[in-house]
Amino acid sequence: MQVSKLPPEALRQRADYYGRIGKDHMTPLWEVLGALVPPQPRSPASAHLWRYAELREKVMEAGRLISAEEAERRVLILENPALRGQSCITQSLYAGLQLIMPGEVAPAHRHTQSALRLVLDGEGAYTAVDGERTTMRRGDFIITPAWTWHDHGNLGDQPVVWLDGLDIPIVRFLDAGFAERSEQLSQAPLRPEGDALARYGANMAPLDYEPKPADPTRVFVYPFERTKASLMGISHGAPDAHHGFKLRYVNPATGASPMPTIGSFAQRLPAGFETKPVRCTDGTVHVCLEGSGEARLSGLSGDRTWRFQENDVFVVPSWHALQLRADRDAVLFSFSDRPVQQALGLWREERL
Ligand code: 1HN
């Protein structure tokens, strides 16, 4: 609405009119149009960094207060400071830090929300997805696509911690959430460990396997060893000025994102390398897997600079320019709602 000077009588008439139509559940568009259709994204989310040293201490404290079985999932949700109470780290994504102690199990269930895990700390835990277990090793990227049965257990002697990322806010927005608990506490293995990776994750596929474009991948673990080897293998010549050496995780059978609602990435920044600033419409969660460095952000929620080191987690809201610098060779994992935005023709990136 154009700002104009109105005589008090006209203002009163309008206020009276808004009051009367309000009683009938109507409201004038011209009062809200600018906010509804902003000239550029105006995310209500803010930027934040969680230091792993503090996260670890707090999640270990939860380990003394409640068992994994009682909690169903013993997780501390990472809530965006500007979206408290909404269980989300960006408008569209949820993130949390999960702990499983030696001997514990997290019971089998399934839901229409898709989940990813990034293993951060400890050894000896497994995740089972639709009847196959995978041993969780640091840096492994593991997925549980929508409506797949999943449970976790720790057969080792160390606490194991990982980051969960889910599309909970997207499913909530669409009112499409279903969930079911299994009668089995833990799934009985139907196939030996490694079966899915051999069948779907080795540049081959079963003869009769013809996935549809949006099907999630049957490869449910992307071992860090392979990711690291790929990042090292492409680390020749000049790194991309805005992204360093960066790859996206894919469903090898389709080339699409492993899951339709969450995109995920791994990137290597050589020691001393600094990216140019880049902004994109997908609010993104980053995790430092190796090395250390600095992240500089600039956007509506303000400008800030963080130092990051191993296992630190930081969130960059939509349309905030991000610049990264590595002190020591750094490997970063990140995830966002990019495949959703791309499917809808909404995704934009601006290299500054
Ligand atoms: C869930 O199933 C897991 O399976 C973790 O580990 C976090 C948050 C909300 C809803 C389901 C898991 C979750 C979750």
Within the 3.5 Å criterion, strictly below it, is a donor on Arg110 or Thr144 matched to an acceptor on the partner's side chain? no

Pairing donors with acceptors under 3.5 angstrom, does anything connect the side chains of Glu31 and Tyr18? yes

Does a side-chain N-to-carboxylate-O contact under 4.0 Å join [X] and [Y]?
X	Y	answer
Lys228	Glu290	yes
Asp16	Arg20	yes
Arg12	Glu9	yes
Glu274	Arg296	yes
Arg279	Glu350	yes

Do other residues, nucleotides or ligands put more than 12 heavy atoms under 6.0 Å from the CD atom of Glu210? no

What do you reckon, is CZ of Arg42 surrounded by more than 12 foreign heavy atoms closer than 6.0 Å? yes

Linking I/L/V/M/F/W/Y whenever any side-chain heavy atoms sit under 4.5 Å apart, do Leu185 and Val129 land together? no

Linking I/L/V/M/F/W/Y whenever any side-chain heavy atoms sit under 4.5 Å apart, do Tyr249 and Leu197 land together? yes

Donor-acceptor pair, side chain of [X] and main chain of [Y], under 3.5 angstrom:
X	Y	answer
Asp140	Val119	no
Ser298	Ala321	no
Gln267	Leu332	no

May I ask you to test the [X]-[Y] pair for a side-chain heavy-atom distance under 4.5 Å?
X	Y	answer
Glu104	Ser67	yes
Asp327	Arg307	yes
Pro107	Arg73	yes
Asp121	Tyr52	yes

Separation between NE2 of His152 and OG1 of Thr134, rounded to the nearest 0.5 Å: 12.5 Å

